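Comments concern the structure below.
All values derive from a computational prediction rather than experimental measurement. Just so you know, ligand 1 is whichever comes first in the structure, and atom 1 is the first atom listed for that ligand.
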Amino acid sequence: MLFYDYHDAPNPRVVRMFAAEKGMDLPKRHVDVRTGENHRAPYNVEINRTGQVPALQLDNGQILCEILPICEYLEELQPDRPMIGATPEERAETRMWTRWLDLKYVERMTEACVVRPGPIRDHYARFNYKTMLPPEAGDICATMAREKLHWLDAEMAGRQFICGNRFSLADVHFYVFLDFFEVLGLNFPRSCTWLTDYFARVSSRPSAAA
Ligand SMILES: N[C@@H](CCC(=O)N[C@@H](CS)C(=O)NCC(=O)O)C(=O)O
């Protein structure tokens, strides 16, 4: 297997952290997103035709894109140290929360980060989109995402992780993006006390260094 990676981006980090939790070592090749290597051949022709990172090339040559299916694949390859779940019920719970977090927080905050004025907007306007939301929509997207964090904060009271005592893909996905948006100044509200403790708890795991 070969993992096409870019160290500073959150989507590849989700797969790296997930693999680290499972004790899997993925051989990696760096793709230089900063210079647009991902939008040039051969990468956007032979590896990931959406021109994004990451991608996983399997030993039979098949290419997998999209981080959540890549994690699902790794879990099937190595079910030990389950990160999606050991039973149908656990797997359904993990997928339920991963999807909710993706739709309500990760995607909306990503939109905020992409459409607000700055180098990320410039990059996406150059390589990814002909049509984009206006820059001022960034604040609205961020407010919508934070509203859902307030709801989540109350809902999670008493839990260690998103799926209770079980550290799962939902946590990896959520944590990596919380951390990425923190670095960009799109912070989570510190009045969310469960979330503040949770963020510190997950940050202290060795896999967070992946
Ligand atoms: N839905 C995709 C998202 C991939 C994505 O947004 N990748 C970002 C990095 S985190 C990227 O390649 N950005 C650079 C670009 O689009 O030029 C996945 O699950 O892998």
Check: Within 45° of the axis and under 6.0 Å from the centre of the six-membered ring of Phe3, does NZ or CZ of Arg29 qualify?
Finding: no
Next item on the list: Considering the heavy atoms of His39, write down every atom of ligand 1 situated less than 4.0 Å from one of them.
Entry: 15 (C), 16 (O), 17 (O)
Notebook entry, point to check: Looking at ligand 1, does Tyr124 have a heavy atom less than 4.0 Å from it?
Noted result: yes
Margin query: So, regarding Pro12 and ligand 1 (criterion: nitrogen or oxygen to nitrogen or oxygen, under 3.5 Å), is there a contact or not?
Written below: no
Next item on the list: Measure the acute angle between the ring planes of Phe199 and Tyr175, then classify it against the limits of 30° and 60° as parallel, tilted or perpendicular.
Entry: tilted
Next item on the list: For Asn11, take its heavy atoms, then give the atoms of ligand 1 lying under 4.0 Å from any of them.
Entry: 3 (C), 4 (C), 5 (C), 6 (O), 7 (N), 10 (S), 18 (C), 19 (O)
Check: Which side-chain hydrogen bond (donor to acceptor under 3.5 Å, both in side chains) pairs, counting each pair once, include a residue from residues 102-116, with sequence neighbours left out?
Finding: Asp102-His173
Check: Among protein heavy atoms, which sits nearest to atom 1 (N) of ligand 1, and what does the distance come to when rounded to 0.1 Å?
Finding: Glu66 OE1, 2.8 Å
Checklist line | Cation over ring face, Arg40 and Tyr43, 6.0 Å, 45° | finding: no
Item checked: ligand 1 contacted by Pro54 (non-hydrogen, < 4.0 Å) -> yes
Note to self: Once you restrict to heavy atoms under 4.0 Å, what part of Asn38 touches ligand 1? Side chain, backbone, both or neither.
What the structure shows: side chain
Checklist line | Polar proximity ligand 1 side, Val53 side, N/O cut 3.5 Å exclusive | finding: yes
Notebook entry, point to check: At under 4.0 Å between heavy atoms, which part of Leu68 makes contact with ligand 1: side chain, backbone, both or neither?
Noted result: neither
Item checked: Lys/Arg-Asp/Glu bridge criterion (N-O < 4.0 Å) met for Glu75, Arg91 -> no
Show the atom names and distances, to 0.1 Å, of all donor-acceptor pairs under 3.5 Å that link a side chain in residues 124-151 to residues at least two apart or in another chain.
from: Thr143; atom 1: OG1; to: Asp139; atom 2: O; distance (Å): 2.8
from: Arg146; atom 1: NE; to: Asn187; atom 2: O; distance (Å): 2.7
from: Arg146; atom 1: NH2; to: Asn187; atom 2: O; distance (Å): 3.3

